[in-house]
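Here's the structure we're looking at; comments come further down.
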Amino acid sequence: MDDVSRQLEVLCVGEALAVTYPLDDLASSAAPRLIVQTGGAESNVALHLAVQGIRTAWWSRVGSDPFGRKVVADLQVGGVDVAWVRIDESHSTGMYLKDSRPDGSTFMHYYRSGSAATHMDAADIAEFPLSEVSWVHVSGITIAISPAAARMVEALIDACREQGVSVSFDVNFRSRLWSVETASVALHRVAQRADLVFVGLDEARAIWGTARVEDVFARLDAPSIVVVKDGDVGASEVDRRGSAGVITFESTPPVQVVEVIGAGDAFAGGYLAGLIRGEDARARLRRGHAAAAWTIGSWDDVRPGHEPAPFCTSISETP
């Protein structure tokens, strides 16, 4: 860390990965060319916050390899402060491959076991610029990738409580990383400690058996704000910062979908940007929808070159 004084608003903590996908039609190419981009829940959120003018830093461990350099460079070009990122000389940067199938679906091949980010631990928190931020954003993926990373998240929340920093938590349940039984308990424990929680209705149903939005609100009764996303139906927020919880719903605008990967991260980044800007519930939900709509109009986890309009009613971008 250098001596330059920084004034940040959000610190996003979690693994970023190199993302590859084919440039060529797999059906007609025996040796398709691959493009390399950057993905990962917390780094995606950081990029969405930065593009909307929120001063944001990202922290993780990356390998001392070309993928690690690519990840850090992409975040920096996107306007995210990467001054505190740890370069791990002993472990490689994680990556995943998007494998587009003939039926239009996409299968993900992950190569992240033992990655640099899985070696995050509670001792790393001493390096975080917590005295300079108002919010910390983490996700359930970090809890799942290793026991050490899970302990880091718990210790980070403790540190945030001590320093008056608010915690934003995206549940982000990934069945390929852990079992429903294990995830159900761990994700609920961390969500209950956060100030702001994002969760999809589908994933809440899978891990907690909550069939309705109201059931999710009841299950997560401790956070000040809970946002439940229901795909192309809409998103609902309960805001308990007043004397009683106020529920707001905003429907999802019509969108031309190219690929849905990254939509949840985009929504979280857009919504959190609106919250930090002091927008009301409806406006920040719309901002989340707009960011998600822009992202799913491309193959990129974070679609570059655009600041989503917060009050759009219809988005139909041509990829």
Side-chain angles (χ1 to χ4, degrees), residues 9-10 12 41 44-56 78-79 134-135 137 139 166 168-172 194-204 212-214 216-217 220 223-242 245-298 300-319:
E9 293 170 288
V10 183
C12 298
N44 289 349
V45 172
L47 286 165
H48 280 287
L49 286 165
V51 81
Q52 298 192 62
I54 303 299
R55 298 185 301 276
T56 305
S134 299
W135 284 88
H137 178 78
S139 88
S166 298
S168 167
F169 178 66
D170 194 335
V171 170
N172 261 331
D195 299 283
L196 166 64
V197 175
F198 299 97
V199 62
L201 185 58
D202 55 346
E203 61 185 345
R212 303 177 304 152
V213 170
E214 293 79 4
V216 182
F217 290 158
L220 302 177
S224 298
I225 302 176
V226 177
V227 178
V228 180
K229 302 163 292 178
D230 188 11
D232 59 4
V233 176
S236 302
E237 172 206 276
V238 62
D239 186 347
R240 304 183 177 112
R241 292 175 297 175
V246 177
I247 296 176
T248 305
F249 171 80
E250 186 68 25
S251 61
T252 302
V255 179
Q256 179 175 327
V257 177
V258 174
E259 182 189 65
V260 298
I261 295 171
D265 304 328
F267 184 98
Y271 177 95
L272 186 53
L275 183 64
I276 291 170
R277 287 176 168 179
E279 295 175 352
D280 63 22
R282 194 168 299 281
R284 55 188 181 247
L285 288 169
R286 287 176 178 171
R287 186 176 290 276
H289 282 316
W294 176 255
T295 294
I296 65 179
S298 81
D300 296 311
D301 284 17
V302 178
R303 189 177 182 181
H306 180 70
E307 179 176 352
F311 301 112
C312 68
T313 56
S314 178
I315 297 180
S316 183
E317 297 290 341
T318 301

Separation between [atom1] of [X] and [atom2] of [Y], rounded to the nearest 0.5 Å:
X      : Y      : atom1 : atom2 : answer
Leu285 : Leu275 : CG    : CG    : 10.5 Å
Glu250 : His289 : CD    : NE2   : 5.5 Å
Ile225 : Leu220 : CD1   : CG    : 13.5 Å
Asp265 : Asn172 : CG    : CG    : 5.5 Å
Phe217 : Ile247 : CZ    : CD1   : 5.0 Å
Ile276 : Thr56  : CD1   : OG1   : 7.0 Å

Heavy-atom side-chain contact between [X] and [Y] under 4.5 Å:
X      : Y      : answer
Leu272 : Leu49  : yes
Pro223 : Arg240 : yes
Ser168 : Phe198 : yes

**Asked** Any donor and acceptor pair, going by atom type alone, linking the side chain of Arg282 with main-chain N or O of Phe249 inside 3.5 Å?
**Response** yes
**Request:** Without swapping roles, check the side chain of His137 against the backbone of Val45 for a donor-acceptor pair under 3.5 Å.
**Result:** no
Heavy atoms only: give me the nearest [X]-[Y] pair and the separation to one decimal.
X      : Y      : result
Gly274 : Arg287 : N-CD, 3.6 Å
Gly231 : Thr252 : O-OG1, 2.8 Å
Ala273 : Ile54  : CB-CG1, 3.8 Å
Gly78  : Ala50  : O-CB, 3.4 Å
Ala41  : Ser139 : CB-OG, 4.0 Å

**Message:** Once side-chain contact (heavy atoms from CB on, under 4.5 Å) is applied, do any residues pair with Ala194, and if so which ones, sequence neighbours excluded?
**Reply:** Val167, Phe169, Val197
**Request:** List in chain and number order the residues that pass side-chain contact (heavy atoms from CB on, under 4.5 Å) with Arg212, two or more places apart in sequence or in another chain; answer none if no residue qualifies.
**Result:** Glu214, Asp215
**Item:** Sequence neighbours excluded, every pair satisfying side-chain hydrogen bond (donor to acceptor under 3.5 Å, both in side chains) that has a member inside residues 227-238
**Value:** Glu237-Tyr271, Glu237-Arg284
**Request:** Please check if any side-chain donor atom of Gln52 sits under 3.5 Å from a side-chain acceptor atom of Arg277, or the reverse.
**Result:** no
**Message:** Assess the residue pair Asp239 and Thr248 against the criterion (side chain to side chain contact (heavy atoms under 4.5 Å, CB included)); give the C-alpha distance rounded to whole Å, side-chain angles, the decisive distance to 0.1 Å, and a yes or no.
**Reply:** CA-CA 8 Å; Asp239 186 347; Thr248 305; over 6 Å; no
